[in-house]
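Each chain gets a letter, A, B and so on, in the order its sequence line appears, and its residues count up from 1. Treat the numbers as computed from the prediction; the structure is a model and nothing was measured.
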Amino acid sequence: MSMDNAISTIPVHKYYYLHNFQNALQWINDRYQDILQPEETEFIEGFSCLPVMSQALFVRLIMRKGPWFRYSKLVYDEIPDVLAAAQPLLALGWLREDKPLSLEELFGLYAKPELVTVFAPQGARASMRKSEILALMSAVDTAPQYHNEWITDSTERAWKIDLGQLCTRLRLMFFGNLYQTWSEFVLADLGIFNYEAVALDASCRAFQQGHDVDTYLEINVWRELINDAPCLEEYLELLNAPVCGNHWLEGRRQKLLYCLGQAYEKQGDLSFAQQVYAASTYPGARHRNIRVLEKLGDCTQALALAQRAIENPESPDEKQKLARMLPRLLRSQGIPTQRRKAICPSIAELSLHLELLNPEPLLSVEFALRHHWHSEHSPVFYVENSLFNALFGLLFWDALFAPLQGAFFHPFQAGPADFGSADFVQRRHALFEKGLNALEDGSYQHMIQSRFIEKKGLLNLFVFWNHLTQDLLDLALICIPPQHLRLVFSRMLCDLKQHRTGFPDLIRFWPEQQSYEMVEAKAPGDKLQDNQILWLEYFVAHNIPVKVCHVTWLKPLATEIA
DNA sequence: ACCTAGCACCCATAA
DNA sequence: CGGAATGGGG
DNA sequence: TTATGGGTGCTACCCCATTCC
Ligand SMILES: [Mn+2]
């Protein structure tokens, strides 16, 4: 804790955010000359000509919620005269005070007590909820007005930032996504996020074509539309959208279709959902298509599609789901099926039943089991996916951070941008082979240990550093034979997206015997998930030690009424 | 990869 | 008043 | 009773102030 405080109190330059933004603009300007739109070039040029205070204010604003701001709410030590700083921005029209505010915008800008005062004549009362006052006023007067018409008798000013879209576009071009913000810079400066240093040359950039930037933004608009409000029939027009030439964007488009299907399904528009699922190649879309056909009562179609699918399953996960649906669909057609005994007999044999006394304070089954088994000579860790993912991330560090074309293009990446694409492993084949070979010749131990030291704290999408201690790592390397690591990593490499998850909750070590065992803990009512079952089957098939422990509580609840 | 994914928890339904 | 939710900040 | 599907909630840097109910 004190360490964290020490880090976060290191003083940064008072205009740190402005310097970061200037650097980002420079970066973009250097790499995107051919793609930048005229107004973007104009903006970059115009920005550099502004007085420092105005630049600083502008950057402060684009990092805040917006698009409306109240002058009185803009208080910064490093910008003593906000009004003066705003003048050049107002003159350029980057900030506007001559725009009307809708009622909703006004309500976003002012707190309830203020609105009660303003709208008391129309019947607003302090006892009402803010939403009730809004409803009241909507009934009376909904037309947008200028700020000084809404709020008379006030020295307050309201400004609207007009370059939000443009700045979002620049941010997208820099990061290649919209979830990262300009605050990445300061978080990295403060040591809150530490990124691997990947060599980036002047040609590294997220987008190769201006059109792709637009496509990304369009998809994002659709996504917000789908998430924020009920989906209309008109959205089916997405079915006619052209295929994207860019693989990465085409994948995003397919995912968008899948999300639209989910939204339709959730709101009960099964027929729309079915059409969209049928058009999407996103993993899982076919399964949802079959399920929705079933829900629609079209079991004939559902069965036909399921039978076609099981001939050529897209993944073990889909195969698993299909195997569960098929008997039901067959029965619906009057075709009898023998009642299938538990999912897989080999997994049933892994079962172990324990009655435990839940210590105070109450623990989850995973922690209770760990507590029950843990001892100095047989330590137990609650690791879930984190252990094997971390070992994977450390062993294959060089492969993950290899500076391949298109993989890295800004200094704040926890992994390559093309992680998710079908040819990800193929493109790095030789590097992954190198890691696997290290398992053969024994050098993997040193490789993993030294990277644990060297790379500690650096963001890696496979390594969760707070879960991985030196103790845990030492025990894992002592107790888990390299043959097992190889088996696990091989399966992961088949499909990194899907096979990163589903590992058992606990791992028990017996360092003196150099042995270990993984254990999936199950509370009553909890059941194995598909990805867990698939790993269990794999472990059984390769003699990797694993159990499923079903825990019941010995003394249910005596101290419950408190 | 913070409107996203992985996990556990809780409930409804059907054989 | 308590306490959740949101926004701003380094 | 079991099996299945579905929905929800938590958690992700951490601290602080404001807002709202
Ligand atoms: Mn579990």
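No N or O donor and acceptor, one from the side chain of K295(A) and one from the base of dG5(D), sit under 3.5 Å apart.
Contact annotation for Y16(A): base contact, defined as any heavy-atom pair under 4.0 Å involving a base atom. Contact annotation for K14(A): no contact, since no heavy-atom pair falls under 4.0 Å across all strands. Using a 4.0 Å heavy-atom cutoff across all strands shown, G420(A) reaches no nucleic acid atom at all. Using a 4.0 Å heavy-atom criterion, one finds that N531(A) contacts the sugar-phosphate atoms exclusively. Using a 4.0 Å heavy-atom distance criterion, E366(A) is classed as a sugar-phosphate-only contact. In this structure, E184(A) reaches neither bases nor backbone, as no heavy-atom distance under 4.0 Å exists between it and the strands shown. A523(A) comes within contact range of the sugar-phosphate backbone alone, with a heavy-atom separation under 4.0 Å but no base atom that close. Among the heavy atoms of the strands lying under 4.0 Å from E384(A) are primed sugar atoms or P, OP1, OP2 only; no base atom is included. Residue K321(A) is out of contact with every strand shown, counting any heavy-atom pair closer than 4.0 Å. Among the heavy atoms of the strands, none lies under 4.0 Å from Q413(A).
Note on ring orientation: taking the six-membered ring where Trp is involved, the planes of F193(A) and Y195(A) are perpendicular (angle over 60°, cut-offs 30° and 60°).
Considering all non-hydrogen atoms of both residues, A523(A) and V365(A) come closest at CB-CG1, 3.7 Å.
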Quiz item: Under the salt bridge (charged side-chain N to carboxylate O under 4.0 Å, His left out) criterion, do R223(A) and E218(A) qualify, and how do the steps go?
Solution: CA-CA 9 Å; R223(A) 180 151 269 165; E218(A) 280 165 30; over 6 Å; no

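Comparing dA1(B) with dG8(C), their C1' atoms are spaced 23 Å from each other, to the whole Å. Taking atom P on both dT8(D) and dA5(C), the two are 16 Å apart, rounded to the nearest angstrom. The same atom, P, is picked in dT11(D) and in dT6(C); the two are 15 Å apart, to the nearest Å. To the nearest whole angstrom, the two P atoms, one in dG7(C) and one in dC3(B), are 12 Å apart. Nucleotides dC10(D) and dA4(C) have their P atoms positioned 10 Å apart, rounded to a whole Å.
In this structure, R328(A) does not reach the dA3(D) phosphate: none of its side-chain N or O atoms is under 4.0 Å from OP1 or OP2. Between dC7(B) and Q532(A), no contact under 4.0 Å exists linking OP1 or OP2 to a side-chain N or O.
Using a 4.0 Å cut-off between a side-chain N of Lys or Arg and a carboxylate O of Asp or Glu, R428(A) and D418(A) qualify as a salt bridge.
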